[in-house]
Number of protein chains: 2
Amino acid sequence: MPYPSRLPRNQQAVLDVLSQQSHPLSAQELYGVLRQQQLIGLATVYRALETLKLRGLVQSRADTSGESLYSPVEQDQHYLTCLQCGRSFPLDRCPVQELEEHLQYSVPFKVYYHTLEFFGICEPCIESVD
Amino acid sequence: MPYPSRLPRNQQAVLDVLSQQSHPLSAQELYGVLRQQQLIGLATVYRALETLKLRGLVQSRADTSGESLYSPVEQDQHYLTCLQCGRSFPLDRCPVQELEEHLQYSVPFKVYYHTLEFFGICEPCIESVD
DNA sequence: TAAGCGAATGATAATCGTTCTCATTATACT
DNA sequence: AGTATAATGAGAACGATTATCATTCGCTTA
Ligand SMILES: [Mn+2]
Ligand SMILES: [Mn+2]
Ligand SMILES: [Zn+2]
Ligand SMILES: [Zn+2]
């Protein structure tokens, strides 16, 4: 068997914190939360996140500033993001859920998760003409 | 009128190079190409890209390493990306093109472009068990 | 239970894409 | 031409992520 049945202590801790949150966290935010509970290094947080992604347990997406945000793979949330003010507006449902299942059959690739995001200008920003 | 009809020299140059390429370029790669043609600063390249995005002429997405890749908004290409080896496999068509048009009517938001990417493990990497 | 060994860890330095600063120059408008 | 504003280039600064390395942990085996 390639993987041990249990996750190492810190990987489990990272996964636990992510699962408790309702919104994605950056590695640094995660580090901030975890260090209140136990001694942990920042590098360990990054390493845990990387491994959890490879195990198909965690997903990540890059926010507008390029920083990576992490969440459990079960979370399937997408946003409209304004290029002007940076605000994000959540979509009420995922439009590519069935598509992902179809893909599984048509490509030689094990899909773990997807990212989908729309970019443009939000209502308030359209009014405030530049 | 909020915008001048002509783009500043360097914004135009950036857009020209992007349009000539068939694949997305990073800001640094763009800088490398442009400096062979003219005197230009790296900061100017970043500034031009930012402005072109706001004008709805250029889109960007983050690659696996977090680096931003830029292309004309007309380009509508998506990938399956392997979390193990980092290789990307292009999708043969965009699955959310109609969806984007529908969105325009259902939300107070001017959509310029979208990003969509699938992540998982590619065939060769599945075989090479860890 | 003690020894051995590879994986995991924490501290910290290094990396590198991106942004900021600021003095200079090009451009638009009168 | 003269002035106001936007654009620009060089380089410093920033900050998220990664690499390094010595130490510790967890598990297997004798
Ligand atoms: Mn989804
Ligand atoms: Mn598309
Ligand atoms: Zn906005
Ligand atoms: Zn692969």
Side-chain angles (χ1 to χ4, degrees), chain A residues 1-17 24-55 57-71 83-86 129-130, chain B residues 1-17 24-55 57-71 83-86 129-130:
Chain A
M1 62 194 80
Y3 295 129
S5 48
R6 301 234 174 149
L7 294 175
R9 181 169 43 95
N10 284 327
Q11 284 182 36
Q12 187 63 57
V14 164
L15 190 55
D16 286 345
V17 171
L25 290 184
S26 70
Q28 311 262 357
E29 289 171 326
L30 212 43
Y31 176 55
V33 173
L34 284 164
R35 70 190 313 190
Q36 294 177 218
Q37 309 174 355
Q38 53 169 295
L39 173 64
I40 192 170
L42 178 57
T44 300
V45 175
Y46 278 102
R47 283 187 288 237
L49 288 168
E50 200 50 38
T51 304
L52 290 170
K53 276 176 65 174
L54 247 20
R55 298 233 188 312
L57 299 173
V58 161
Q59 66 179 307
S60 74
R61 67 180 175 95
D63 73 6
T64 355
S65 76
E67 192 174 9
S68 292
L69 301 182
Y70 301 86
S71 55
L83 294 167
Q84 183 88 60
C85 66
V129 272
D130 20 344
Chain B
M1 61 190 79
Y3 295 129
S5 47
R6 283 193 207 190
L7 294 174
R9 179 168 44 95
N10 283 328
Q11 285 182 35
Q12 187 63 56
V14 164
L15 189 55
D16 286 346
V17 171
L25 289 184
S26 71
Q28 313 258 358
E29 288 172 327
L30 254 171
Y31 176 55
V33 172
L34 285 164
R35 68 190 314 188
Q36 293 177 218
Q37 310 175 355
Q38 54 170 293
L39 174 64
I40 191 170
L42 178 57
T44 301
V45 175
Y46 279 102
R47 283 186 287 235
L49 288 168
E50 200 49 39
T51 305
L52 291 169
K53 276 176 64 173
L54 248 18
R55 298 234 187 310
L57 299 173
V58 160
Q59 65 179 306
S60 74
R61 67 180 175 98
D63 74 5
T64 356
S65 77
E67 193 174 8
S68 292
L69 301 182
Y70 301 85
S71 55
L83 295 167
Q84 182 90 60
C85 66
V129 274
D130 20 344

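As a basis for the values below, the full set of heavy atoms in this structure was taken, side chains included, without hydrogen atoms, waters or symmetry mates. Reminder, nothing fancy here: chain letters follow the sequence lines and each chain counts from 1.
Atom CG of L49(A) is separated from atom P of dA16(D) by 15 Å (rounded to the nearest Å). Between Q28(B) atom CD and dT18(C) atom P the separation is 6 Å, expressed in whole Å. Rounded to whole Å, the distance from CG on L69(A) to P on dT17(D) is 9 Å. If you take CZ of R35(B) and C1' of dT8(D), they are 15 Å apart, rounded to a whole angstrom. Nucleotide dC14(D) holds its P atom 18 Å from the CG atom of L42(B), rounded to whole Å. Rounded to an integer number of Å, the gap from CD of E50(B) to P of dT8(D) is 15 Å. Following rounding to the nearest Å, E67(A) (CD) and dT17(D) (C1') show an atom-to-atom distance of 10 Å. One atom, OH of Y31(B), and another, C1' of dT8(D), lie 12 Å apart when rounded to the nearest Å.
Between A62(B) and G66(B) the shortest heavy-atom distance is CB-O, 4.1 Å.
Taking CG of L25(A) as the start and CD of Q28(A) as the end, the distance is 12.0 Å to the nearest 0.5 Å. Separating the OG1 atom in T51(B) from the CD atom in Q11(B) is a distance of 4.5 Å, to the nearest 0.5 Å. Interatomic distance, OG1 of T64(A) versus CG of L69(A), reported as 8.5 Å (0.5 Å rounding). The CG atom of L83(A) sits 8.0 Å away from atom OG of S60(B), with the distance rounded to the nearest 0.5 Å. The CG atom of L49(A) sits 11.5 Å away from atom CZ of R47(A), with the distance rounded to the nearest 0.5 Å.
Between S26(A) and the phosphate of dA16(D), there is no side-chain N or O to OP1/OP2 separation shorter than 4.0 Å. Between Y46(A) and dT18(D) there is no side-chain N or O to OP1 or OP2 distance below 4.0 Å. Put simply, S65(B) has no side-chain N or O that comes within less than 4.0 Å of OP1 or OP2 on dT17(D).
The backbone N or O of S26(A) sits less than 3.5 Å from a side-chain atom of E29(A), completing a donor-acceptor pair.
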Write down the protein N/O and nucleotide N/O pairs, taken from nucleotides 27-30 of chain C, whose separation is under 3.5 Å; answer none if there are no such pairs.
none

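Annotation: the terminal axes of the helix from dT1(C)-dA30(D) to dT30(C)-dA1(D) meet at 30°, where each axis is the rotation carrying the C1' atoms of four end pairs onto the next four (5 pairs per end, rounded to 10°).
Mapping R47(A) and Q38(B) onto DNA chain D by nearest heavy atom places Q38(B) at the nucleotide closer to the 5' end.
Between V14(B) and V58(B) there is no side-chain heavy-atom pair separated by less than 4.5 Å. At least one side-chain heavy atom of R55(A) sits less than 4.5 Å from a side-chain heavy atom of L7(A).
Checked against dT17(D), dA11(C), dA8(C), the side chain of P8(A) finds its nearest nucleotide in dA8(C). Closest approach to the N10(B) side chain among dT8(D), dA16(D), dA19(D) is made by dT8(D) (side chain taken as heavy atoms from C-beta onward). For A43(B), whose side chain is taken as the heavy atoms from C-beta onward, the closest listed nucleotide among dA16(D), dT8(D), dG11(D) is dG11(D).
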In residues 31-44 of chain B, what donor-acceptor pairs under 3.5 Å come from side-chain atoms, sequence neighbours left out?
| residue | atom | partner | partner atom | Å |
| --- | --- | --- | --- | --- |
| Y31(B) | OH | R35(B) | NH2 | 3.4 |

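I40(A) comes within contact range of the sugar-phosphate backbone alone, with a heavy-atom separation under 4.0 Å but no base atom that close. Counting non-hydrogen atoms under 4.0 angstrom, L39(A) reaches the backbone sugars and phosphates but no base.
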